[in-house]
Amino acid sequence: MQSINWTLASFADLRASEPVGELAKVYLRARAARLEPGGFKALRYSVGLFASRHGQDRIAAITREDGKAFLRDIALLSASLGKSYRYHGMSLDGLLRASERRPDPITVTTQKRIWFMVKGFLD
């Protein structure tokens with residue numbers, strides 16, 4: 001992996017060959033300095049959910065179907081899980097299993113916010 005001192009062109013070149021998980025780390029490091037702590041926490045959570053599912057996949061291999069499946073899955077997440085430290089750092093699949101027992105799905109607004117942040121990463 002190249003150093004954090006990348007240009008937009010070099011980042012675009014990396015996208016085709018690097019796994020999503022590695023690119024997520026680089027992206028989050030670059031964004032950390034520009035965002036307020038609360039905004040960064042939301043970005044880290046959103047991109048982390050996507051990377052937990054596709055971390056080993058090359059970013060160039062991500063399809064529209066992968067995006068649709070991610071959107072379907074985040075709609076099933078429970079709102080109460082995000083408030084509990086017990087679930088901190090859990091993968092998307094782990095959170096989905098934990099959400100099966102809870103009747104309080106996240107709001108459409110939260111789903112859109114998560115997707116907006118993931119889309120920004122993918123773009």
Check whether any side-chain heavy atom of Ile114 lies under 4.5 Å from a side-chain heavy atom of Tyr45, and answer yes or no. yes
Sorted by chain and residue number, the salt bridge (Lys or Arg N to Asp or Glu O under 4.0 Å) partners of Asp66 (sequence neighbours excluded) come out as none
Could you pull out the closest heavy-atom pair between Gly55 and Pro19, with the gap in Å? O-CB, 3.3 Å
Drop me the distance from Arg44's CZ to Lys25's NZ, to the nearest 0.5 angstrom. 14.0 Å
Classify the angle between the aromatic ring planes of His54 and Phe50 as parallel (below 30°), tilted (30 to 60°) or perpendicular (above 60°). tilted
Min side-chain heavy-atom separation Leu43-Tyr27 under 4.5 Å: yes
Could you report the tightest heavy-atom contact between Leu49 and Leu92, atom names first, then the distance? O-CB, 3.8 Å
Once you round to the nearest 0.5 Å, how far does OG of Ser46 lie from CZ of Phe116? 11.0 Å
So, for Ala51 and Ala24, which heavy atoms are closest and what is the spacing to 0.1 Å? CB-CB, 4.2 Å
Side chains of Leu81 and Ile106: closer than 4.5 Å at any heavy-atom pair? no
For Tyr87 and Ala98, work out which heavy atoms get closest and say how close. CE2-CB, 3.7 Å
May I have all residue pairs that pass salt bridge (Lys or Arg N to Asp or Glu O under 4.0 Å) and include part of residues 92-117, sequence neighbours excluded? Arg53-Asp93
Shortest non-hydrogen separation from Ser78 to Ser99 and the atoms involved: N-OG, 2.9 Å
Compare all side-chain heavy atoms of Thr110 with those of Leu77 and state whether any distance is below 4.5 angstrom. no
Please name the pair of heavy atoms, one in Phe40 and one in Leu28, separated by the smallest distance, quoted to 0.1 Å. CE1-O, 3.3 Å
In Å, rounded to the nearest 0.5 Å, how long is the span from CD1 of Ile74 to CG of Leu96? 10.0 Å
